[in-house]
Amino acid sequence: MKPPNITPPPLRNDCFALPAGVNWTPVDDALALLRSRLTVVTSVETALIGQAVGRILAEDVFAKRSNPPQPNTAVDGYGFSGAAPEGPQVMPLQDGRAAAGIPFDGAVPHGKALRVLTGAALPTGVDTVILEEDVTVQDGHIAFHGPLKQGANTRKAGEDVAEGDLVLPTGRRLTPADMALLSATGISEVAVRKTLRVAVLSTGDELVEPGNSAGPGQIFDANRPMLLSMIARLGYEPVDMGRVSDDREDLRDRLDKASEQADVILTSGGASAGDEDHVSALLREAGAMQEWRIALKPGRPLALGMWNETPVFGLPGNPVAAKVCTLIFARPALGLMAGEGWSQPLGFDLPANFEKRKKPGRREYLRARVRDGQVEVFASEGSGRISGLSWAEGLVEIQDGACHIRPGDLVRFIPYGSFGL
Ligand SMILES: Nc1nc2c(c(=O)[nH]1)N[C@H]1C(S)=C(S)[C@@H](COP(=O)(O)OP(=O)(O)OC[C@H]3O[C@@H](n4cnc5c(N)ncnc54)[C@H](O)[C@@H]3O)O[C@H]1N2
Ligand code: MOO
């Protein structure tokens with residue numbers, strides 16, 4: 001029998017070729033859209049500072065007390081009033097001493113010196129301190145060499161923070177250093193955002209739980225353990241929604257549950273438009289689907305949508321693409337929803353030790369690390385090469401317009417740490 005007369009399309013064999021007539025969304029436009037559409041979703045609660053590290057401030061915090069609260073001495077030594085002129089100085093000692101927490105009761109007459117210990121409030125009549133190492137003490141007197149400026153070796157009240165100053169702004173994710181700052185400025189509890197709950201769900205008939213036996217055609221679910229731990233590292237509450245097979249009704253059911261238990265949903269797999277790509281199909285059906293074809297490698301088929309008013313990031317199944325999309329798109333979006341605000345990862349421009357050609361018009365992220373001050377990239381760009389994710393210590397961002405990177409060209413390296421991992 002004669003075969004039917006069918007005209008095939010020209011062979012491109014490039015899943016990243018920009019199809020004619022399709023408008024690919026540049027990464028920055030997709031990010032701008034996310035940024036403009038999303039808002040803070042978490043409510044506010046009070047946390048004692050002992051429990052507040054890693055939490056996000058829900059309001060500006062102002063100092064209740066100055067730091068230091070009063071002028072004090074920065075060293076162990078002897079305090080007196082005014083500058084000491086050049087040359088040898090001898091001063092009678094005042095009886096008593098001032099120590100941290102045990103102030104000197106009374107005033108020190110001009111011309112006399114008082115024994116003072118680091119942190120002690122300066123008593124009336126003392127505004128300058130000589131270091132004890134520079135002093136000879138004998139017969140109720142001290143002797144030292146001038147000159148010494150007025151105010152030497154002392155700390156002014158409020159020189160660090162004055163009462164009423166803004167100490168930390170809304171949206172700040174509290175660090176261990178902030179615990180010291182809050183304590184010192186008289187703050188013992190703060191208004192913080194409840195922790196954002198992020199559901200993680202894997203889709204695909206081929207997936208098996210690590211620890212179980214995997215038959216032919218099956219693979220272990222690698223994305224879910226990665227994504228759950230990324231969420232925890234980013235400071236959000238991971239909500240494990242397990243795995244769903246490629247069954248639309250099961251997936252619908254699981255998305256319903258996830259939207260009850262979490263503020264945001266991350267799925268992986270089924271994001272593109274194949275026969276079994278149920279995530280994108282359901283999001284499209286729900287009517288609130290931005291089916292973005294993003295000019296990005298890896299991670300083009302990122303499905304974004306709403307499910308029961310809960311934002312869903314339909315991440316591509318390939319683990320490298322799932323991680324890149326999480327870092328580039330989900331992370332700033334989660335920050336915004338959590339009350340932390342939109343953030344850009346800090347990158348460093350360093351010379352490349354590799355050569356790469358690419359099509360202009362799409363952004364690329366390669367698994368990378370820095371050795372001897374140069375950026376090296378993983379040997380393969382394959383999106384299923386999970387080993388490269390562990391090999392890498394960050395991503396190198398190749399700009400949309402670039403088409404040929406030569407060794408020695410500056411490229412932007414973004415360490416995983418800059419993403420909060
Ligand atoms: N004809 C085309 N095929 C594909 C294209 C294309 O443009 N034309 N794009 C490719 C790209 S790029 C990606 S990325 C994937 C995206 O696919 P989906 O998001 O629909 O994901 P799946 O098809 O379900 O899975 C892709 C791949 O990843 C594996 N996978 C899925 N989940 C997990 C998991 N939890 N742990 C480990 N591995 C996982 C899955 O087995 C597949 O091998 O589509 C390409 N195809
Ligand atoms: O988005 Mo796919 O290869 O980029 O993994």
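Count residues from 1 along the sequence. Every number for a ligand or one of its atoms is a count from 1 in the order of the listing. Computation of the quantities below employed the complete heavy-atom set of this structure, encompassing side-chain atoms and omitting hydrogens, waters and symmetry-equivalent molecules.
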Applying side-chain hydrogen bond (donor to acceptor under 3.5 Å, both in side chains), can you list everything that pairs with Asn67, at least two apart in sequence or on another chain? Asp160

Side chain, backbone, both or neither: which part of Pro316 comes within less than 4.0 Å of ligand 1 when only heavy atoms are counted? both

Measure from atom 36 (N) of ligand 1 to every heavy atom in Ser280, Ala322, Ala222 and give the option owning the shortest one. Ala222

Check ligand 1 against Gly269 and write out every atom of the ligand that is under 4.0 Å from a heavy-atom position of the residue. 19 (O), 21 (O), 24 (O)

Short N-O contact, Lys64 and Glu163, less than 4.0 angstrom: no

Under 4.0 Å from a heavy atom of Ser383: which atoms of ligand 2 are those, numbered in the order shown and with their elements? 2 (Mo), 3 (O), 4 (O), 5 (O)

Test salt bridge (charged side-chain N to carboxylate O under 4.0 Å, His left out) applied to Arg371 and Glu393, step by step: CA-CA 10 Å; Arg371 290 292 180 272; Glu393 292 163 9; 2.9 Å; yes

Number the atoms of ligand 1 from 1 as they appear, then name those within less than 4.0 Å of a heavy atom of Glu206, with their elements. 31 (C), 40 (C), 41 (O)

When only distance counts, is Arg224 in polar contact with ligand 1, meaning an N/O pair under 3.5 Å? no

Residue-level breakdown please: for Arg300 versus ligand 1, do any non-hydrogen atoms fall below 4.0 Å on the side chain, on the backbone, on both, or on neither? side chain

Pair Phe144 + Phe80: ring centers closer than 6.0 Å: yes

Would Ile219 count as a polar contact of ligand 1, with the cut-off being nitrogen or oxygen pairs under 3.5 Å? no

Donor-acceptor contact present, side-chain Ser66 to main-chain Pro68, <3.5 Å: no

Between the candidates Ala321, Pro210, Pro301, which shows the shortest non-hydrogen contact distance to atom 16 (C) of ligand 1? Pro301

Would you say the side-chain atoms of Arg55 pair up with the backbone N or O of Val192, donor to acceptor, closer than 3.5 Å? no

Counting only heavy atoms, tell me which of Val279, Asn318, Leu302, Asp221 gets closest to atom 13 (C) of ligand 1. Asn318

Quick check: does any side chain N or O of Ser229 sit under 3.5 Å from a backbone N or O of Pro225, one acting as donor and the other as acceptor? yes

What are the atoms of ligand 2, with element, lying closer than 4.0 Å to any heavy atom of Arg300? 1 (O)

Under a 4.0 Å threshold between the charged nitrogen and the carboxylate oxygen, would Glu209 count as salt-bridged to Arg224? yes

Is there a polar contact, in the sense of an N or O pair closer than 3.5 Å, between Gly299 and ligand 2? yes

Are Asp400 and Arg362 close enough for a salt bridge, meaning some N to O gap below 4.0 Å? no

Counting only heavy atoms, tell me which of Gly384, Pro319, Ala271 gets closest to atom 18 (P) of ligand 1. Ala271

Could you check whether Glu340 pairs with Arg172 (Lys NZ or Arg NE/NH1/NH2 to Asp/Glu carboxylate O, under 4.0 Å)? no

Out of all atoms in ligand 2, which are within 4.0 Å of some heavy atom of Pro301? Include the element for each. 1 (O)

Note: ligand 2 atoms sitting under 4.0 Å from heavy atoms of Asn318 are 2 (Mo), 3 (O), 5 (O)

When you compare ligand 2 with Lys297, is there at least one nitrogen or oxygen pair between them that comes in under 3.5 angstrom? no

